[in-house]
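Just follow the structure's listing: the first ligand is 1, and inside any ligand the first atom is 1. Because the structure is predicted, anything quoted here is derived from the model rather than measured.
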Amino acid sequence: MHRDQLSQNGHDFIDDAYISSLINNTKEDGQRVREVIAKSKEKTPLSVEDTAVLLAAESPELVEEIFAAARQLKCDVYGNRIVLFAPLYIGNYCVNDCAYCSFRRSNPDALRRTLNQDELVNQVETLQDKGHKRLILVFGEHPRYDASFIADTVKSVYSVKKEHGEIRRVNINAAPLDFAGYRKVQKAGIGTYQIFMETYHHSTYRKMHPADTFKGDYLWRLDGLNRAFEAGCDDVGIGALFGLYDWRFDVLGLVTHSLFLQDRYGVGPHTISFPRLRPAHGIEMQNDYMVNDYDFKRLVAILRLAVPYTGMILTAREKPALRHEIMGFGVSQIDAGSRIELGGYTEAGDAQTQVAENEQFELGDLRSLDVVMRQLLDDGYLPSFCTACYRVGRTGEHFMEFAIPGFIERFCTPNGLLTLTEYLYDYASDETQAAGERLIENELHKIHDEHMKDRVRQRIEQIKKSDKRDFYF
Ligand code: SAM
Ligand code: SF4
């Protein structure tokens, strides 16, 4: 099945034979691993060949060196901030038949539903009441979820304002669009448009996605973010679903994709996601490629080193203890308090269980936002709801966040502190508030510029004492 027009010179740039040969022929070599680590410490994106060198490192000491380098790079490039968001499932009708997903059309037990306007508003208000400011809207692929529907949903979400609550950034995870579609959603003010390739390995892709479905068209999906760029959406996210094929192959697929976008459009992806396959209702998959926790940590650390300036998203598919550990490896965004059943934020609330028929898959972390915030604060992370860059136009090729020395100190830390302050005084429990106050004091001490420190302090006081919100630098 083939649809509409591809991007300029749109072609299949994934060479399975080359990627497989790199995996098979690159042998462990401690000296080369250290040379590649040294390159990544210079914050240069790694080539596919260099990344393969890291993937070939098996001995525990070398893997430990990779972990240590990833931790260091995360500190140097991102500091201690972690950005928080929540997913909002809008509709689970789907014309595709992905082997791993309970929304697949051949699953008769899935309860199909699309949020109506009132339900949407209720979900968003409930998310606002928890303190969320950033959402990702998730859609099945279906004619009813066309670009106009997505754009209207985005506008509705932005228009909901309850007390101090508002959603300041709406990202999208949905099917690839055509040019006109991307232009439409861009006009609605979306943040990142995410499309996961699931697996870059062609024959596995064919096995997972039947040929008579839209998603069965590999090239249409691979080309999806090229069309986004050419239609003016320069803020895109890529991802692979780990567990479908050899994780090493898909790490190299992600790196190839990232370098391709960087080369062609002058900007790499804004984010990389690495969801790991979870059990899902009505899905029985036989496969040999499940990724264990240790290899999962390796893949996250290696991706961190390979794409130093790309945001990395770790989702609530993973269990709290592992999330906690992996966060130190270079993750920049996590979701928290997530519900992935339709209507879940009002109907399931903070329940620590899921109802299988309503869900796309099982989550590993059902803790509330407040509990996750407290743990982050106790561990010395600065949880941030900042949306400043995108709102002042610092995106795409203008998104110089990490290239400008001192950027974190001038923008990210102050904005993180201000959005954290909003959270603490508008939504947090007493314990979380106390943990947050301690962290804020520590962070203020670290700001060298006295003038900036005073400005942040003044604004923190304004948030505490008045109804003024949404300060940012
Ligand atoms: N329907 C759109 C699509 O497929 O691109 C977008 C949203 S889909 C609901 C979001 C992502 O969930 C998919 O891209 C896939 O990577 C992930 N997913 C699907 N089934 C999963 C499972 N059983 N475990 C973990 N992640 C899964
Ligand atoms: Fe549909 Fe997306 Fe699930 Fe595939 S992954 S069945 S396209 S919702």
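- Inspection of the Arg339 and Gln354 side chains reveals no N or O donor paired with an N or O acceptor under 3.5 Å.
- Between Asp212 and Arg105 there is a salt bridge, since at least one side-chain N of the basic residue sits less than 4.0 Å from a carboxylate O of the acidic one.
- When Leu135, Leu127, Ile90 are each tested for a side chain to side chain contact (heavy atoms under 4.5 Å, CB included) with Val157, only one passes: Leu135.
- Centroid-to-centroid, the aromatic rings of Phe385 and Tyr423 come within less than 6.0 Å.
- Less than 2.8 Å away from atom 4 (Fe) of ligand 2, the protein contributes these N/O/S atoms: Cys98 SG.
- Note on Arg276 versus Asp295: no salt bridge recorded, every NZ/NE/NH1/NH2 to OD/OE distance being 4.0 Å or above.
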Could you tell me, for ligand 1, which of its N or O atoms are under 3.5 Å from any protein N or O, listing the pairs and their distances rounded to 0.1 Å?
unit_1	atom_1	unit_2	atom_2	d
ligand 1	1 (N)	Phe139	O	3.0
ligand 1	4 (O)	Lys215	NZ	2.7
ligand 1	5 (O)	Arg221	NH1	3.4
ligand 1	5 (O)	Arg221	NH2	2.7
ligand 1	12 (O)	Arg317	NH2	3.4
ligand 1	12 (O)	Gln360	NE2	3.3
ligand 1	14 (O)	Glu198	OE1	3.4
ligand 1	14 (O)	Glu198	OE2	2.6
ligand 1	16 (O)	Glu198	OE1	2.6
ligand 1	23 (N)	Tyr100	O	2.9
ligand 1	23 (N)	Arg278	O	3.0
ligand 1	24 (N)	Arg278	N	2.9
ligand 1	26 (N)	Arg317	NE	3.0
ligand 1	26 (N)	Arg317	NH2	3.4

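- Within the 3.5 Å criterion, the main-chain N or O of Glu362 finds a donor-acceptor partner in the side chain of Arg278.
- A side-chain donor-acceptor contact under 3.5 Å links Asp76 and Gln72.
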Inset, instruction - Check the pair Asp470, Arg391 against salt bridge (Lys or Arg N to Asp or Glu O under 4.0 Å), reporting the backbone distance first and the verdict last. - result: CA-CA 11 Å; Asp470 201 16; Arg391 290 161 75 210; 2.6 Å; yes
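- Between Gln194 and the choices Asn171, Ile136, Val236, Ile172, the side chain to side chain contact (heavy atoms under 4.5 Å, CB included) rule is met once, by Ile136.
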